[in-house]
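Both ligands and their constituent atoms are indexed starting at 1 by order of listing. Along the sequence shown, residues carry numbers from 1. Please read all numbers here as calculations on a predicted model, not as lab measurements.
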Amino acid sequence: MKCKILDGKATSAAIRSEIKDKVETIVKNGGRRPSLVAILVGNNPASRTYVANKEKACAEAGFASEVKRLSENITEEELLSLICSINKDTNIDGLIVQLPLPKHIDEHKVIAAINPIKDVDGFHPVSAGRMMLGEDTFLPATPMGIMTLLERYEIDTKGKHCVVLGRSNIVGRPMANLLSRKGTPGDCTVTICHSRTKDIASYTKTADIIVAAIGIPLFLKEDMVKEGVVVIDVGINSVEDNTRKSGYRLVGDVDYDSVAPKCSYITPVPGGVGPMTIASLLQNTLKAYEAKAL
Ligand code: GUN
């Protein structure tokens, strides 16, 4: 099987360039720039990298952006009060709180405090509910980016069996919802597998499309997939590699080298889903800005 790469890096760059052009036009016509605030609590190294990447992408697109870096020891009350003041600030269009949060802070309470009109991560119960009902809303950035990749590469999803590995609120659950929706891409028959699923390979072997978001490095192996499968790898895992100067390398949830030869399409790690997540966040922030401008 000649495997084609789903190039998230190039697709994301194309989307970000379209957004940049729109922002330039807005500014030329005297409008204010779309703006995003990201709240980062503590020093989780992965979160710091993700937030830095989001900040850089905002700057490149011409957005105003600010990262509020807070101590690991901030109280839940202090965090809620900051969210409340950002909710009220009419110059801010989008607000994201980078997850995970420290154990002493209730993640659900924090997400619920964000004004749904600024919820560009699509994590608020109102956004999640609207998505479930098929109404227009902010979609979570990673599943949204995957839908965009499937759309731009014109991958046929109608009536296909899609296996989603992972049931997180951020990726697995919304992904299953979007793929099973009416439309293109969509119209899939979806199976969600997770840590308690018995014999995961028995599902993945019958899948036409697999979305791997299970958080286990190199989990999906060649003997677990059928010929011609489309594989979307959401995993970003850092593994030790002494042949690299840094001492580590990034791998996905898919054993790329063994699985790719059996695929019709596959996303690489890095350069697949990761950059698409960022593009979707910018699209959502522009959407929040435009909704306010109406
Ligand atoms: N943690 C992992 N992915 C995400 C994301 O897309 N948004 C936020 N806020 N936190 C995350």
Does some side-chain heavy atom of [Y] sit less than 4.5 Å from a side-chain heavy atom of [X]?
| X | Y | result |
| --- | --- | --- |
| Tyr265 | Ile209 | no |
| Leu6 | Ile155 | yes |
| Arg249 | Arg244 | yes |

### Query
Near Val97, which atoms of ligand 1 are under 4.0 Å from a heavy atom of that residue?
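Listed by number with element: 8 (C), 9 (N).
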### Task
Could you pull out, from Asp121, Ile170, Ile96, the option with a heavy atom nearest to atom 9 (N) of ligand 1?
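Closest candidate by heavy-atom distance is Asp121.
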### Message
Under 4.0 Å, heavy-atom basis, I'd like to know which part of Tyr50 is in contact with ligand 1: side chain, backbone, both or neither.
### Response
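Near ligand 1, Tyr50 shows nothing, with every heavy atom at 4.0 Å or more.
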### Query
Lys54 near ligand 1, heavy-atom distance under 4.0 Å?
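The answer is yes, since Lys54 has a heavy atom less than 4.0 Å from ligand 1.
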### Query
Which residue and non-hydrogen atom of the protein lie closest to atom 11 (C) of ligand 1, and at what distance in Å?
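Ranked first by proximity to atom 11 (C) of ligand 1 is Gln98 NE2, 3.2 Å.
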### Query
Of the protein's non-hydrogen atoms, which lies at the shortest distance from atom 10 (N) of ligand 1, and what is that distance?
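The closest heavy atom on the protein side is Leu99 N, 3.0 Å.
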### Query
Among the clusters formed by ILVMFWY side chains lying less than 4.5 Å apart, do Ile117 and Leu139 turn up in the same one?
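Ile117 and Leu139: separate clusters.
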### Message
Check this for me: does any side-chain nitrogen of one of Asp208 and Lys158 sit under 4.0 Å from a carboxylate oxygen of the other?
### Response
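Salt bridge: no.
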